[in-house]
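One structure is given below, encoded as structure tokens.
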Amino acid sequence: RSGKPSNGSKGRGGVSFRNKVVEGLTWSGIAQACKQVCQFVITMILVRILAPHEFGLIAMANVFIGLATLFLEMGIGNALIQRKEISEEHLSSAFWLNMALGAVFMVVTFLASPWIAMFYGRPELVPIMKLLSLSFIVSAAAIVQQSLLMRDMDFRSLMIRDIAAVALSGALGIVLALKGHGVWSLVFQILFLFVLNNLFLWTFSHWRPRLVFSKNAVADLMGFGLNMTGFQIVNYFARNVDQLLIGRFLGAQSLGCYAMAYKLMLFPVQNISWVITRVMFPAFSKIQIDLPRVAENYAKMVRYVSLTTFPMMLLFFTVVPDLIHLVWGVEWEETIPIVRVLCFCGMVQSVVTVGGSVYLSQGRADLQLRMSLANVTLTTLSILIGLQWSVFGVALAYTVFNLIWAPISIYVVTRILRYDVLKIYGILVRNLLAGLIPFVMLMGLKQYLSFEPVALIFTLIFTGGVVYLSALVLLKRVGVMSW
């Protein structure tokens, strides 16, 4: 199914577009939910064994590894998904180009590891960076296979890959941590994850590279790919400049607390917006010339994402002190105010992320790049200001900027779609109102409850869910809400 070039026509067996999208959302939703549960359990165990500064060291390394990975792909994977037609020349040329770039980045990272360690002032990063440099050549070998599976919207295979790779690599990390290998348990967990990802992708995709390389085929992909790479690099820097600067100026301990707080905040957000964006990019690409249809589906995605993530993040704000004490322990108490502030950042990011599939499906990676350049400049400025008040100051400054940036980003997306932005703002305001009703009630109720942590958390979650659903029904009856 994913072993042959595709022209992006109907799905297999003439399956309708709607059914393909529903099927993709279902499999991606299952995959993301299971993967997040696995990651949550794995992280819960590891934070009980390892110290915050060890997570900080990995976060330092990941900033550079993640950035180099974006250069590695050159946006070619997304270009293969977005193009209406692809040939064997496109696929094989993309594969060999990725392999060459993987080898280059492996060598460059290996040689640059002393300078990266010097930047942070942590010499123990040198062997960590050298070993993690192997990830480039490993990940390069499966970029085309993953793109083909996504192009065919074969999210069932990707689901199996995601869950199995996370669970098995996490198990390895836990075993190594229990044996006293410290930060190296996290290093080998990351490397094993890359290896497993490749094994599964090569198993599920029947396509194999041929000894073919065409400069013209590469040029076809590069037009979209370079703009896409530019956006991804700038966007990555915008999303990680906070961790880069915290690691540089506040140290591994502070970065470990911030990185884990940010990761915890992302758990609920990624379960919704990431799943939808992953499916809607190839889906929107198939109907890219039908702009009103894309706009209608974008509005639906914003409605459903915000209906879910807004109350979820507000509920998370309510239970996070008890959750961290219960799951991570009192030594991670410093992360509580950081997570609480980042909850509001997660709310707006969940909605803004949905717009990414619109840029890509409409071939407007150039505009997405320009927006990201403005974003990263202002993000860096806000974080530099926040650094004056330690880690919490960074979290607060980052969140305030995202609250200001979100309406601007949404406006640009609606301009591409020629859609009324006030309709989107109206959806968000109504969904926020619905989410605030249980939030205010739970924050007041919590003051009078003296349950054990587990009972308290489940009571708040159950009560919040009942109140939220009741609020939705009430608001719909009075004409405030519609879905």
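Below, each value reflects all heavy atoms present in this structure, side chains not excepted, and no hydrogens, waters or symmetry copies.
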Any idea which heavy atoms bring [X] and [Y] closest together, and the distance?
X    : Y    : result
G170 : I42  : CA-CD1, 3.4 Å
Y120 : V63  : OH-CB, 4.0 Å
I437 : A471 : CD1-CB, 3.9 Å
C257 : E334 : SG-OE1, 3.6 Å
G173 : L46  : O-CD2, 3.9 Å
A395 : I338 : CB-CG2, 3.9 Å

Trace of the side-chain contact (heavy atoms from CB on, under 4.5 Å) decision for I128 with L132: CA-CA 6 Å; I128 293 173; L132 286 177; 3.9 Å; yes

From [X] atom [atom1] to [Y] atom [atom2], the distance as rounded to the nearest 0.5 Å:
X    : Y    : atom1 : atom2 : result
L191 : L196 : CG    : CG    : 11.0 Å
M301 : I427 : CE    : CD1   : 11.0 Å
L417 : R293 : CG    : CZ    : 14.0 Å
F392 : R340 : CZ    : CZ    : 10.5 Å
D152 : L158 : CG    : CG    : 10.0 Å
R248 : F119 : CZ    : CZ    : 6.0 Å

If we only count heavy atoms from C-beta on, is the [X] to [Y] side-chain gap below 4.5 Å?
X    : Y    : answer
L178 : I174 : yes
L342 : Y398 : yes
F55  : V47  : yes
S185 : L50  : yes
Y298 : I424 : yes
L199 : V195 : yes
C343 : L314 : no
T309 : Q349 : no

Qualifying residue for side chain to side chain contact (heavy atoms under 4.5 Å, CB included) with P52, from W332, W328, Y258: W332

Within 6.0 angstrom of R415 CZ, more than 12 heavy atoms from elsewhere: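 No - once you tally the heavy atoms of other residues, nucleotides and ligands closer than 6.0 Å, there are 12 at most.
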
Y425 six-ring centre to K423 NZ/CZ under 6.0 Å and within 45° of normal: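 No cation-pi geometry.
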
Ring-face cation contact, F204 with R161, 6.0 Å cut, 45° max: no

Where the side chain of [X] meets the backbone of [Y], is there a donor-acceptor pair that is under 3.5 Å apart?
X    : Y    : result
H181 : A177 : no
S409 : W405 : no
N375 : M371 : no
K446 : T318 : yes
R48  : V327 : yes
D242 : I383 : no
S350 : M347 : yes
R122 : L57  : no
R151 : L80  : yes
E54  : A51  : yes

CA sep, side-chain torsions, deciding dist, call: L460, F451, side-chain contact (heavy atoms from CB on, under 4.5 Å): CA-CA 11 Å; L460 291 173; F451 299 160; over 6 Å; no

is_close_aromatic(Y468, F439), centroid dist under 6.0 Å: no

Audit row: N197, Q146, side-chain contact (heavy atoms from CB on, under 4.5 Å) steps and yes/no: CA-CA 9 Å; N197 276 333; Q146 175 167 296; over 6 Å; no

From CA spacing to verdict: side-chain contact (heavy atoms from CB on, under 4.5 Å), S135, I65: CA-CA 9 Å; S135 63; I65 295 295; 4.0 Å; yes

